[in-house]
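Worksheet for the structure shown next.
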Amino acid sequence: MNKKITLRHGDGGLHTSKLIHDIFYRHFDNEILTGYQDAAMFTTEAGRLAFTTDSFVVKPIFFPGGDIGKLAISGTINDLTTAGAVPLYLSAGFVIEEGFEIEKLNQIAASMGETCKRAGAKIVTGDTKVVEKGLVDGAYINTSGIGRVQECFHPRQITSGDEIILTGTIAEHGTAILLERYDLGLQSNIKSDCRPLSEIIPALGDLLKHVKLMRDPTRGGLATTLCEISESHHIGALIEEENLQIRPAVGAVHELLGTDPLYFASEGRMILVIEKGHGLEIVNRLKGLESCSDAEQIGTFDKENSKVCLQTPLGGKRILSMLENQMISRIC
Amino acid sequence: MTQEEKRLIGKAVSQINESVKSDIRIMEVCGTHTHQIARFGIRNLLTPKIHLVSGPGCPVCVTEPGYIDVLITLLKRENVTVATFGDLLRVRGLSGSLEERKSFGQKVVTVYSPEDVLDLAKRNTGQNIVFAAVGFETTAPLYAALIQTAQEEKINNFFLLTSLKRMEPAIRFILGESGVHIDGMLCPGHVAAITGNGPFLPVTAEYHIPAVICGFEGMDLITSIGILCRQITGEIPVQFMNTYKRCVRDAGNPVALRLIKDVFDSSDVSWREIGLIRDSALILNHRYEEYDASRRFGLKMESAPTAFPDGCECGKVLIGEKTPDMCVNFGRLCTPDHPIGPCMISSEGACAAYYRFGGGKI
């Protein structure tokens, strides 16, 4: 029988200590974490820092293309990336349901360690709590992260003519979760796009000075994120539907279910708003990255439109509105 | 879409816009057409002289409040679980919505495929599973097949509460009694794939109105609107046409039609916000009445008030008399987040499509 997490694993005693050593220290291994302090200590260079936190309650915990651990690290690293920051240090807090299989926790920690390594970040502090069966659904994770903001990155007001870049295909994470969650009996190869995007920052280097804003289109998908940007900057946009890329299998699922992929989350894509005239240069730079090889300019901000509009392939135009009803919950 | 297709569409749109000199009203009966017209931004491509108005072809929109109330009443029984497709969850009866009941912990299960319901029944033999069977001829064969499977497999804890409707009586109501003026009709491709041309032939033969069975791609819609405009302006004679031959055969789908005939009888039913339309319901016939939830649980549907008290214009939107933006509540009191009328709930509802995609005004 598989070994299970018990309440003793969260009591701060011998079992907690063993769990931390056998699983977390093993996969997150670094000297700041294993320095046996209650708080991590580290030195940083002078300059701006970015700091972010996020909690992850995704259901199911394991899904095609990832798991809650990979998602928890990617989510926080991508939030740091939106601030033009190279990720440095992360924290990880676990709330685990009594009875959760230890081997599953081991797999989750392994993918967290691997994802951190890929992004060049370290988990330097953490916490584990165990709650009675039924109080949480498997395991929840909170991650926070600190990163160093690049000197040349200065988020600023979007103006007419600024160009919008999307780094790849849309809706894969949300669709993968949808298929798993509702056991629709559809055979597909759809995987979550969940991954860290921190390589964007060093790759763009000095070009970051032309980036006015970055956002990752997670909950609410591309449409909702674009609407939020448009509202906060008081400017409309025109998106070319034909420049949006959607994998055929993802498109087919949404066609079948009558749902709209524009409102389904990505967890490994970035929207970049670029100073007018520099879009192409940045697209070309991004295309050289494994995580952004399908980057395209998808539209422009435009004071002619008061809202975010979509130019359809037929030549018609329609509004892209914000998501009002949740299509699926607990996707991250 | 290829450059050549785009060129052809551009040409077709220009021809349409040049040919229409006075105001015309074209009704799309089907909710999926309503959604697609808005999604492709087609209103925005056409001259404002062409008024595309919606019809009663969104099944959720025409489901009467009394039906929802009966489902809610059923939930009070310990041994009943109500299964439904997601789009019915938020529709309100006079006693609330299934979504509210679900949040109170009552036994409402959302399903994504009709087969899921039989699995649910097999897994929960102590529960009576009542499936909310809503739709038109498009979905009726699926429900019929389920009932026959339940009978073959001797599943005796599965029931349908039907609110299934027929398209032809509704179209006759709009073109006849309602007094609404329509110059042309886009007929629903999905329903026609089951029924064939039959239910739609009277539009041209008896009411002398141009009618085209139409598919759901942008090219289908533009082509069909173009044909209707040419007939309306007198460029070509009024005649019934089918531009969706890749899916619709003249005689329809014989297997599906047989299933409908085997399992259902027709009857009168009240359409939400529209009223009673004779002979427009499909109800379980005597051979399958043991699967009828209203009979099994002794339920009677109360007839609904003819209009909602808060000025909702869904009734007029559903017969093409008004467009959603003509309703005082639209976009102000009535939004997808706080829908007042049923046409704001389903993605196929005219109001939801107008709200979400901007209707004709951008």
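Nothing here was measured: the structure is a model prediction, and the numbers come from that model. Residue numbering restarts at 1 for every chain, and letters A, B, ... go by the order of the sequence lines.
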- Task: Any chance you could measure B:Y112, atom OH, to A:L178, atom CG, to the nearest 0.5 Å?
- Result: 7.0 Å
- Message: If you count every heavy atom of other residues, nucleotides or ligands that lies below 6.0 Å from A:K276 atom NZ, does the total exceed 12?
- Response: no
- Task: Could you give me the CA-CA distance, side-chain angles and deciding distance for B:F40 and A:L314, then say whether side-chain contact (heavy atoms from CB on, under 4.5 Å) is met?
- Result: CA-CA 7 Å; B:F40 290 127; A:L314 297 188; 3.7 Å; yes
- Does A:D260 pair with B:R39 as a salt bridge, N-O distance under 4.0 Å? no
- Neighbourhood of chain B inside residues 215-223 of chain A, taking heavy atoms under 4.5 Å as contact: none
- Taking everything shown except A:K287 itself, do over 12 heavy atoms lie less than 6.0 Å from its NZ? yes
- Nearest 0.5 Å, what's the CZ-CZ distance between A:R318 and B:R356? 6.5 Å
- Query: How would you list, in number order, the residues of residues 238-252 of chain A that have a heavy atom less than 4.5 Å from chain B?
  - Reply: A:E241, A:E242
- Neighbour count >12 (heavy atoms, 6.0 Å) for atom CD, B:E5: yes
- Message: If we ignore hydrogens and angles and just use 3.5 Å, is the side chain of B:N44 paired with the main-chain N or O of A:K317 as donor and acceptor?
- Response: yes
- Residues in disulfide bond (SG atoms under 2.5 Å apart) contact with B:C61, at least two apart in sequence or another chain: B:C58
- Which residues pass the side chain to side chain donor-acceptor pair (under 3.5 Å) test with B:Q15, sequence neighbours left out? none
